[in-house]
J.: 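Can you read through this structure? Questions will come right after.
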Amino acid sequence: MPRLSLVIPAYKVQGYLSECLESVLGQDYADFEIVAVDDCSPDGSGAILDEYAARDDRIHVIHLTENVGLGRARNIALEKVRGDYILFLDSDDTLAPGALSAIAKRLEGAGDPEVLIYDYVRTYWNGEVRPNQRAHLLKDADGEVFSLVQRPQLLDLLQIVCNKAYRRDFIAREGLTFPPGYYEDALWTFRSLISAERITALDRVCLLYRQRREGGNILGTVSRKHFDVFEQYRRVFEFLDAREDAERWRAPLFRKMVDHYLAVLDHPGRLPRNARAEFFHRAAADYRARIPEGFQKPVGARGKKYALLEHDAYVGLASATAAAKIRNTVRGRARTTLKRSRRGAMSLYYQSRLRLPRDENLAVFSAHGGRGVSCNPAAIDSELARLAPHIRRVWAVQPDAVDTMPEGLDHVRVGSREYWAAVARATYLVSNVNFANAVVKREGQIHVQTHHGTPLKVMGLDQQKYPASTSMDFGKLLERCDRWDFSLVSNRYSSAVWERAYPCSYTSLETGYPRNDVLLNSTAEDVREARRDLGLSEGTTAFLYLPEHREYQRDFVPRLDPVKLAERLGPDSVLLVRAHDAHRRSDRLAELQSGGRILDVSAHPTVERLYLAADCLITDYSSAMFDYANLDRPIVIFADDWETYSAVRGTYFDVLAQAPGAVATTEEALADVLCSDAWRGERATRARDRFRRRFCEFDDGRAAERAVRRIFLGEPLEALPPLVPLDERIPAPPPGPSRDASAPISATTSQR
């Protein structure tokens with residue numbers, strides 16, 4: 001039997017669940033089990049739990065067929081735990097390093113008490129860490145064994161279950177279970193602390209208590225479910241009334257109840273506006289029904305609120321709240337006016353257009369900040385024209401990109417009056433990055449974030465830990481992301497990353513990437529045409545070299561010598577080199593191309609056609625590897641600066657260990673791979689298959705159709721085209737006749 005059992009319920013936490021589990025599995029103490037409950041989560045949380053359970057037999061997963069809520073999910077787990085002690089860990093929180101060994105040591109040293117209380121810190125999306133304001137109570141009690149009678153001040157600690165360890169036989173003896181509804185921790189905590197005869201404390205931070213910016217926290221949820229607090233305290237006082245020592249605890253628990261009610265009322269973001277008066281009157285009724293004889297109200301402002309409840313004087317509370325709101329509004333308007341005076345882009349003209357009615361049939365598209373028509377927005381645009389031709393499609397492009405616009409496609413120049421009029425009145429705004437800070441999200445507008453790649457490098461808030469992002473304004477970033485209504489993803493891995501990196505209130509649409517539809521739907525003739533456009537003759541092996549941008553380098557610098565590599569590859573091969581978008585113009589590449597050694601395809605308008613034309617992709621950390629893998633063609637990772645890049649820019653996984661094919665870390669090794677069968681041999685094929693199954697999950701050739709039907713036509717998810725299983729997909733055929741994978745490329749030039 002394990003010493004410790006950790007109960008981890010999971011519901012809509014795919015962005016945080018892996019971090020939670022890793023924080024447990026990475027402990028220096030191993031005598032534990034995890035009982036995880038998938039509370040019928042609609043996202044990928046259940047699959048993540050299964051993946052971890054397959055790797056570690058200490059993890060046991062329970063899948064529920066209906067959503068039962070946090071309390072009941074914990075109760076179900078309690079029926080399965082086997083450990084001497086039970087710890088509850090919410091699936092978006094984490095354990096501090098060394099927490100379990102410290103907990104186990106204190107439990108043993110204290111002679112197996114019934115309850116252990118340990119410390120926590122609150123962690124915030126912006127990197128801020130706030131200590132427990134009442135940590136001194138734990139410090140004072142550290143190492144002792146006591147009952148709550150001896151230290152009643154511990155009731156002033158935050159009443160959560162996740163900073164405590166409970167002896168399993170104590171839970172069984174007291175019949176402790178979680179009630180349904182919000183604030184389920186209150187009853188459990190009060191019952192356990194009052195009932196326990198032997199409690200100990202650990203003055204050490206063991207829990208990192210995440211304060212999510214969006215979702216996952218009932219305290220930030222506007223709902224009538226906050227009325228559940230009344231039922232929870234009814235249960236608390238029923239428990240108390242059944243005890244012989246009830247009078248000892250009546251005043252402290254009455255004070256906790258009133259403070260809890262006032263906390264709900266003090267936060268306008270919890271109760272619907274039309275429910276505040278009702279809540280107050282119910283709180284006042286509980287106050288008068290349960291006030292202990294001789295109770296002394298606190299002094300100061302808090303005492304005045306007690307008095308308002310005592311007299312059921314909602315008008316007094318509402319008047320005080322309104323006065324505070326007016327003060328805050330005046331201050332807020334002053335700050336807003338100052339900001340607007342500094343924004344040249346927020347012109348009077350734009351503001352005037354915002355007052356006009358929205359155009360229900362207008363969609364504005366943008367890709368890469370207006371650099372042309374490409375990527376996921378372009379694929380959605382094309383499908384929208386087919387399925388909903390009544391919607392007018394307008395592209396926002398930079399002035400220097402106007403000449404690249406396809407004939408007949410409406411466009412406006414970014415920054416022009418026409419641009420501001422379009423973004424003001426459009427119902428749909430679609431982009432693969434973010435629209436400018438000055439763009440206002442008006443009521444009824446739908447912002448669609450398509451993204452432009454599956455993330456290997458860290459993104460969004462996750463970048464805060466890495467030096468390459470020190471100049472980023474993360475607050476402004478999240479203000480832009482707050483406008484999103486939909487976030488398109490091509491795999492569950494991306495859903496988890498985006499929901500953590502951009503913690504905003506959008507809906508993740510697991511449609512697949514529309515831009516990758518062409519990789520599944522193209523024919524052999526499409527492949528031949530793509531090669532003819534590049535001047536590639538039949539029988540030529542085309543290697544597409546597509547390196548990622550390095551934030552710590554100003555210009556595009558190839559990580560290899562293209563001329564030297566071209567010589568090694570021989571006359572039957574060509575090296576297509578595409579600089580990153582940040583460095584599309586490269587004098588060095590132009591010079592090399594003029595010598596006939598390589599083909600510079602940096603300015604090619606459609607990277608997907610380059611994928612179709614190429615026999616093999618060579619990259620380092622570019623998201624191109626995830627897209628190209630849909631073709632099921634060879635991929636080679638050339639990562640000569642992995643240690644530097646991963647430390648400075650940050651990555652989500654080790655691409656050398658989880659590569660989609662062969663790996664090389666030096667130029668010489670890369671040439672050896674390409675001049676042998678290693679780049680397309682059996683080992684590389686197995687690696688690519690594992691990679692495809694993880695990252696090509698939703699790209700089946702119908703992503704654009706799903707996106708258009710869901711976003712623009714409002715069709716429900718269950719009515720969208722079903723996902724084609726990966727093994728049944730037929731990607732675009734490879735260039736030319738199939739080659740013998742065991743036959744190496746000509747290496748004659750390497751012998752010169």
J.: May I ask you to say whether Glu231 pairs ionically with Arg234, meaning some side-chain N is under 4.0 Å from a carboxylate O?
T.: yes
J.: Compare all side-chain heavy atoms of Leu49 with those of Leu21 and state whether any distance is below 4.5 angstrom.
T.: yes
J.: List the atom pairs, donor and acceptor, that lie under 3.5 Å between side-chain atoms in residues 284-294 and the rest of the protein, sequence neighbours left out.
T.:
residue: Asp286; atom: OD2; partner: Tyr261; partner atom: OH; Å: 2.6
residue: Asp286; atom: OD2; partner: Arg290; partner atom: NH1; Å: 3.3

J.: Are side-chain N/O atoms of Tyr233 and His260 paired as donor and acceptor at under 3.5 Å?
T.: yes
J.: Under the side chain to side chain donor-acceptor pair (under 3.5 Å) test, which residues partner Glu51, sequence neighbours left out?
T.: none
J.: Is it the case that the side chain of Asn67 and the backbone of Asp39 share a donor-acceptor pair, with hydrogens and angles ignored and the cut-off at 3.5 Å?
T.: yes
J.: Partners of Glu499 by salt bridge (charged side-chain N to carboxylate O under 4.0 Å, His left out), sequence neighbours excluded?
T.: none
J.: Can you list everything that forms a ring pair (Phe, Tyr, Trp, His ring centres under 6.0 Å) with Trp125? Sequence neighbours excluded, please.
T.: none
J.: In terms of side-chain geometry, is the basic nitrogen of Arg106 or Glu108 positioned less than 4.0 Å from the acidic oxygen of its partner?
T.: no
J.: Taking only residues two or more places apart in sequence or in another chain, which ones pass salt bridge (charged side-chain N to carboxylate O under 4.0 Å, His left out) with Asp84?
T.: Arg3
J.: Within 45 degrees of the axis of the six-membered ring of Tyr124 and under 6.0 Å from its centre: does Arg213 put its NZ or CZ there?
T.: no
J.: Any donor-acceptor pair under 3.5 Å linking the side chain of Arg210 with the backbone of Arg122?
T.: no
J.: Among all residues two or more places apart in sequence or in another chain, which pass the salt bridge (charged side-chain N to carboxylate O under 4.0 Å, His left out) test with Lys225?
T.: Asp228
J.: Ring centroids only, cut at 6.0 angstrom: are Phe178 and Phe88 within range, meaning strictly under it?
T.: yes
J.: Is it true that Arg282 and Asp312 have a side-chain N and a carboxylate O under 4.0 angstrom from each other?
T.: no
J.: Any side-chain donor-acceptor pair under 3.5 Å between Asp462 and Tyr652?
T.: yes
J.: For Glu33 and Ser5, which I'm curious about, is there any donor-acceptor pair between the side chains at under 3.5 Å?
T.: yes
J.: Could you tell me which residues satisfy side chain to side chain donor-acceptor pair (under 3.5 Å) with Gln133, sequence neighbours excluded, listed by chain and number?
T.: none
J.: May I ask you to decide if the ring planes of His226 and Tyr183 are parallel, tilted or perpendicular, using 30° and 60° as cut-offs?
T.: tilted
J.: Can you run down the ring-ring contact (aromatic ring centres under 6.0 Å, His included) pairs that involve residues 44-64, sequence neighbours left out, and say none if there aren't any?
T.: none
J.: Main chain of Leu95, side chain of Ser23: is a donor-acceptor contact present, judged purely on distance under 3.5 Å?
T.: yes
J.: Check whether the ring centres of Tyr166 and Trp188 lie less than 6.0 Å apart, and answer yes or no.
T.: yes
J.: How close do Leu157 and Lys256 get, heavy atom to heavy atom, and via which atoms?
T.: O-NZ, 4.2 Å
J.: Between the side chains of His447 and Tyr506, does any donor sit under 3.5 Å from an acceptor?
T.: no
J.: Asp28: which residues meet the side chain to side chain donor-acceptor pair (under 3.5 Å) condition with it, sequence neighbours left out?
T.: Ser101
J.: Between Arg243 and Glu238, does any side-chain N to carboxylate O distance fall below 4.0 Å?
T.: no
J.: Taking the side chain from Glu174 and the backbone from Ile171, do they hold a donor-acceptor pair closer than 3.5 Å?
T.: no
J.: Hey, does the Lys NZ or Arg CZ of Arg173 hover above the aromatic six-ring of Phe170, less than 6.0 Å from the centre and inside 45° of the axis?
T.: no
J.: Among residues at least two apart in sequence or on other chains, which ones pass side chain to side chain donor-acceptor pair (under 3.5 Å) with Glu144?
T.: Arg151
J.: Check this for me, if you would: do Asp485 and Lys441 make a salt bridge, where the nitrogen-to-carboxylate-oxygen distance has to be below 4.0 angstrom?
T.: yes
J.: Given the side-chain rings of Phe190 and Phe239, with only the six-membered ring counted for Trp, is the space between their centroids under 6.0 Å?
T.: no
J.: Taking the ring centre of each residue, are Phe227 and Phe279 less than 6.0 Å apart?
T.: yes
J.: Closest heavy-atom contact between Ser18 and Ile48?
T.: OG-CG2, 3.7 Å
J.: Of all residues at least two apart in sequence or in a different chain, which pass the side-chain contact (heavy atoms from CB on, under 4.5 Å) check with Thr189?
T.: Gln159, Val161, Lys164, Asp185, Leu193
J.: Not counting sequence neighbours, which residues clear salt bridge (charged side-chain N to carboxylate O under 4.0 Å, His left out) with Lys12? List them please.
T.: none
